[in-house]
Enquirer: 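Here it is: the structure, laid out below.
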Amino acid sequence: MKTFYATTPIYYVNDLPHIGHIYTTVVTDVVTRFRRLAGEETRFLTGTDEHGQNIEKAAATQGITPLQLADRVVERYRELYRTFEIRNDDFIRTTEARHRRGVEALVARIAAAGDFYTAKHEGWYCSSCEAFYTEKELDADKRYPVHGRPTVWESEENVFFRLSKYAAPLLEHYERHPEFVRPESRLAEVVSFVKGGLNDLSVSRSKVQWGIPFPGHPGHVVYVWLDALANYITALGFGSEDDANYRRFWDHAEAERVHFIGKDILRFHTVFWPAFLLSAGLPLPTTVWAHGWWLRDAKKVSKSVGNVVRPDQLVADFGADALRYFLMREMAFGQDASFSDEAFLARYNADLANDLGNTVSRVAALCRQSFGGTPNAVSLDGEVQAAFVEAAAEWRAAMRECQFHRALEAVWKLLTAVNGHVVSREPWKIRKEEGVGSANLHGVLYAAAEGVRLAAVMLSPFVPVTSRKIFETFALPAADPSPADLSWGRLPVSTPMPEAPALFPRADAAAYFKEKDAAMNEPANPAAAPAAPAAPVDDRISIDDFQKIRLRTAKIVAAERVPKSNKLMRVEVDLGDERRQIVAGIASQYEPEALIGRNVVIVANLKPAKLMGVESNGMVLAASVGEAGAPVLLDVPAEVPPGSKVK
Ligand code: MSP
């Protein structure tokens with residue numbers, strides 16, 4: 001039994017979703033909807049990548065646990081997926097027990113194949129940079145000169161994976177299965193990388209605590225990419241008793257297994273991942289499809305560049321379908337594309353409001369005005385039908401090749417044919433001359449309406465809400481179409497049609513830019529933004545909101561590092577009228593001794609929380625400086641006594 005399994009990357013939870021993440025998810029949704037429409041059995045997986053140092057850091061900076069951070073971001077993903085009508089069958093989180101079990105099973109198989117060995121990693125370790133340095137890079141006191149903090153000699157035994165052993169088998173696989181990496185240009189890139197030689201890969205970490213314990217290596221966690229890549233099979237039940245989905249969607253000859261990714265993570269998916277699977281003796285994915293980047297101002301849209309486009313405002317103003325359409329139409333899959341509000345508005349008005357919206361409302365109005373409903377007989381006029389047959393073939397071929405913009409162009413050709421048909425046959429004239437009972441009139445309008453219905457079927461993977469509205473307009477159930485709906489002549493005859501509002505009201509671009517331009521840019525630190533509901537683009541708060549936060553000055557009277565944490569410091573502070581303990585994410589920048597006696601600002605009315613098992617009653621405020629967001633305490637002048645209100 002042929003099955004189709006499609007996945008997105010699992011997204012890091014130290015960032016909130018932006019259009020880059022939405023894009024890959026919508027691509028995967030469009031493809032699985034298309035496959036369902038072709039009658040295939042499909043499964044669609046997405047999820048979140050929740051382990052690793054960066055997540056640990058991001059959480060510590062916010063004074064919450066990594067899991068709390070992940071919970072917030074997951075909620076945001078789920079909410080956006082509802083808004084975008086993403087029909088994923090499963091959502092995997094790498095912190096789930098089922099995932100851990102699967103990773104353990106995968107690690108066990110790789111170990112049994114003899115592909116792990118331990119080797120020493122030694123050097124001068126700087127806990128601030130979380131990196132090893134050579135003696136030459138340090139000053140006479142073994143300090144790293146960039147920030148002058150002492151390093152310590154550390155020697156770490158790491159587990160290594162024999163990646164080098166798989167260079168030849170991988171090259172052979174690429175040769176025999178050129179469809180393994182698509183588009184083709186990416187395959188060449190991967191082949192030349194592997195031909196350059198592969199080094200063994202360190203796959204355990206002892207400097208990171210937030211991860212899956214490495215079986216048989218206490219104190220080590222599984223390298224975050226080995227952990228993350230495994231999600232594609234752990235979510236199917238690999239390594240658990242109930243692995244029916246694994247057997248159905250991964251492990252049989254007719255299972256098509258497809259990963260959609262951005263080109264940034266190509267190597268992980270086309271070199272590391274297949275090498276792990278070869279070692280474990282498991283089937284490889286059929287195809288890894290890598291798309292290009294969304295750019296803004298010629299740079300990759302990303303949190304670190306700081307040019308992120310969040311979907312919220314566009315969705316609020318134009319609906320999720322408009323954004324789904326834009327993403328699929330504007331980018332040629334595989335190449336980079338630029339995101340701009342101007343391009344979005346231009347496509348919205350030209351393609352959606354005008355071409356699609358006007359065609360639908362024009363044909364619907366002609367039917368309603370003439371018959372109060374659909375025509376009374378299937379058209380014998382073959383003009384639109386021929387256009388449909390041609391468009392459907394183009395659409396299908398383009399969809400199979402992930403050329404979504406071409407697939408949409410094919411649908412637009414059909415819409416043009418419908419319009420041309422209406423203009424050349426002039427049904428209003430026929431009505432005037434022959435009356436509403438005219439078979440000619442019914443035939444012309446049936447062809448037009450059926451053309452519109454079929455355009456809506458072909459559009460349904462892209463703009464599901466709009467397609468349902470079109471079906472409703474033409475007296476059909478507002479449901480996802482079935483494979484049989486993709487053939488000529490299924491529009492019901494002589495059926496009353498409801499009044500329907502315009503699909504895409506025209507946008508006044510000039511007014512839009514005036515009002516919304518500033519608001520479209522994201523808040524400064526997305527990872528710190530509130531969890532739910534949708535991060536408001538206008539993030540100003542009222543004075544009442546601000547007054548809920550009690551800020552006070554406090555003097556640090558004791559400080560010590562939280563054991564096993566690089567970031568957390570336990571401090572005791574004096575507020576004049578009370579002493580309390582706070583866990584602060586400042587240990588990377590400050591030595592405990594240097595903190596004693598410092599006056600700082602704290603949030604005094606934060607609910608208590610436990611960070612790495614230590615209770616924290618409040619939060620010490622620090623500025624976040626530089627790309628890495630290093631915490632720098634805000635000094636309070638000496639004349640301000642501890643406990644003073646800050647407002
Ligand atoms: N967690 C890893 C993936 C592990 S998969 C086993 C990761 N996460 S991520 O949150 O950084 O997401 C990266 C993916 O998001 C990219 O591969 C791409 O699918 C999508 N995009 C993020 N920014 C993007 C653009 N600017 N443009 C297009 N897609 C991009 O990497």
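Indexing begins at 1, ligand by ligand and atom by atom, following the structure's order. The first residue of the sequence shown is numbered 1, and numbering continues consecutively from there.
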Enquirer: If you take the nearest heavy atom of each of Val309, Asp264, Thr25, which one is closest to atom 17 (O) of ligand 1?
Expert: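 Closest candidate by heavy-atom distance is Asp264.
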Enquirer: Write out the residue and atom name of the closest protein heavy atom to atom 9 (S) of ligand 1, then the distance separating them to 0.1 Å.
Expert: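 Answer, as residue, atom name and distance: Tyr12 CD1, 3.7 Å.
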Enquirer: Do Asp480 and Arg36 sit within salt-bridge range, that is, some charged N less than 4.0 Å from a carboxylate O?
Expert: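 Salt bridge flag = no for Arg36 with Asp480.
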Enquirer: Relative to atom 6 (C) of ligand 1, which among Phe268, Tyr232, Phe339 owns the nearest non-hydrogen atom?
Expert: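 Ranked by closest heavy atom to atom 6 (C) of ligand 1, first place is Tyr232.
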Enquirer: What are the two closest non-hydrogen atoms of Val271 and Val190, and how far apart are they?
Expert: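 Looking at all heavy atoms of both residues, the closest pair is CG2-CG1, 4.0 Å.
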Enquirer: For atom 26 (N) of ligand 1, grab the closest protein heavy atom and report residue, atom and distance to one decimal in Å.
Expert: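 For atom 26 (N) of ligand 1, the nearest protein heavy atom comes out as Val301 O, 2.8 Å.
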Enquirer: Quick check for you: to the nearest 0.5 Å, what is the distance between Thr46 atom OG1 and Ile10 atom CD1?
Expert: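 Separation between the atoms: 9.0 Å.
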Enquirer: Indicate yes or no: does an N/O atom of Asp49 lie under 3.5 Å from an N/O atom of ligand 1?
Expert: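 By distance alone, the answer is yes.
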Enquirer: For Trp225, which part has a heavy atom under 4.0 Å from ligand 1: side chain, backbone, both, or neither?
Expert: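 The side chain, only.
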Enquirer: To which protein heavy atom is atom 27 (N) of ligand 1 closest, and what is the distance rounded to 0.1 Å?
Expert: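 Here the nearest protein heavy atom works out to Trp294 N, 2.8 Å.
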Enquirer: Applying ring-ring contact (aromatic ring centres under 6.0 Å, His included) between Phe116 and each of Phe276, Phe214, Phe160, Tyr223, report the one that passes.
Expert: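 Going through Phe276, Phe214, Phe160, Tyr223 one by one, the ring-ring contact (aromatic ring centres under 6.0 Å, His included) with Phe116 is satisfied by Phe214 alone.
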Enquirer: Within the 4.0 Å heavy-atom shell around Lys300, which atoms of ligand 1 are there?
Expert: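 What qualifies from ligand 1 is 23 (N), 24 (C), 26 (N).
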Enquirer: If you measure from each heavy atom of Lys263 to ligand 1, is any distance below 4.0 Å?
Expert: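 Contact absent.
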Enquirer: If I apply the N/O under 3.5 Å rule, does Gly262 come out as touching ligand 1?
Expert: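 Yes, there is a polar N/O contact under 3.5 Å.
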Enquirer: Is it the case that ligand 1 has an N or O less than 3.5 angstrom from some N or O of Ile265?
Expert: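 The answer is no, given that Ile265 and ligand 1 share no N or O pair closer than 3.5 Å.
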Enquirer: Nearest protein heavy atom to atom 3 (C) of ligand 1, by residue and atom, and its distance?
Expert: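 So the nearest neighbour among protein heavy atoms is Ile10 O, 3.2 Å.
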Enquirer: Run the numbers on Glu75 and Arg72 for salt bridge (charged side-chain N to carboxylate O under 4.0 Å, His left out), then give the verdict.
Expert: CA-CA 5 Å; Glu75 191 38 53; Arg72 283 183 187 180; over 6 Å; no
Enquirer: Quick check with a 6.0 Å cut-off and a 45 degree axis cone: is Arg267 positioned over the face of Phe193's six-membered ring?
Expert: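 Checked: cation-pi criterion met.
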Enquirer: Identify the protein heavy atom lying closest to atom 23 (N) of ligand 1, giving its residue, its atom name and the separation to 0.1 Å.
Expert: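 Ranking protein heavy atoms by distance from atom 23 (N) of ligand 1, first comes His18 CE1, 3.3 Å.
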Enquirer: Apply ring-ring contact (aromatic ring centres under 6.0 Å, His included) to residues Phe318 and Phe326 and explain how you reach the verdict.
Expert: CA-CA 11 Å; Phe318 302 101; Phe326 178 78; over 10 Å; no
Enquirer: Could you list the atoms of ligand 1 found under 4.0 angstrom from a heavy atom of Gly292?
Expert: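 Checking each atom against Gly292, I get 28 (C).
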Enquirer: Please report whether ligand 1 has a polar contact with Tyr11, defined as an N or O pair separated by less than 3.5 Å (distance criterion only).
Expert: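 By distance alone, the answer is no.
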Enquirer: Starting from atom 15 (O) of ligand 1, find the nearest protein heavy-atom neighbour and note its residue, name and distance.
Expert: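 So the nearest neighbour among protein heavy atoms is His21 CD2, 3.4 Å.
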Enquirer: Hey, is Glu79 close enough to Arg82 for a salt bridge, meaning N to O under 4.0 Å?
Expert: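 Looking at Glu79 and Arg82, the cut-off is not met.
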Enquirer: Might you work through the side-chain hydrogen bond (donor to acceptor under 3.5 Å, both in side chains) test for His18 and Trp294, ending with a clear yes or no?
Expert: CA-CA 10 Å; His18 60 63; Trp294 280 100; over 6 Å; no
Enquirer: Measure from atom 30 (C) of ligand 1 to every heavy atom in Pro17, Gly20, Ala230, Ser302 and give the option owning the shortest one.
Expert: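 When every heavy atom of Pro17, Gly20, Ala230, Ser302 is considered, Gly20 comes closest to atom 30 (C) of ligand 1.
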Enquirer: What is the closest protein heavy atom to atom 19 (O) of ligand 1, and at what distance does it sit?
Expert: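 Among all protein heavy atoms, the one nearest atom 19 (O) of ligand 1 is Thr24 OG1, 2.6 Å.
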Enquirer: Using distance alone, determine whether Asn231 and ligand 1 share an N or O pair under 3.5 Å.
Expert: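 By distance alone, the answer is no.
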Enquirer: Out of all atoms in ligand 1, which are within 4.0 Å of some heavy atom of Ala228? Include the element for each.
Expert: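 Answer for ligand 1: 6 (C).
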Enquirer: Does Tyr232 have its ring centroid less than 6.0 Å away from the ring centroid of His269?
Expert: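 Judged by ring-centre distance (under 6.0 Å), Tyr232 and His269 do meet the cut-off.
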Enquirer: Are side-chain N/O atoms of Glu50 and Thr48 paired as donor and acceptor at under 3.5 Å?
Expert: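 There is such a pair between these side chains.
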Enquirer: Please test Phe272 against Phe161 for ring-ring contact (aromatic ring centres under 6.0 Å, His included), starting from the C-alpha separation and ending with a verdict.
Expert: CA-CA 10 Å; Phe272 296 0; Phe161 169 70; 8.6 Å; no
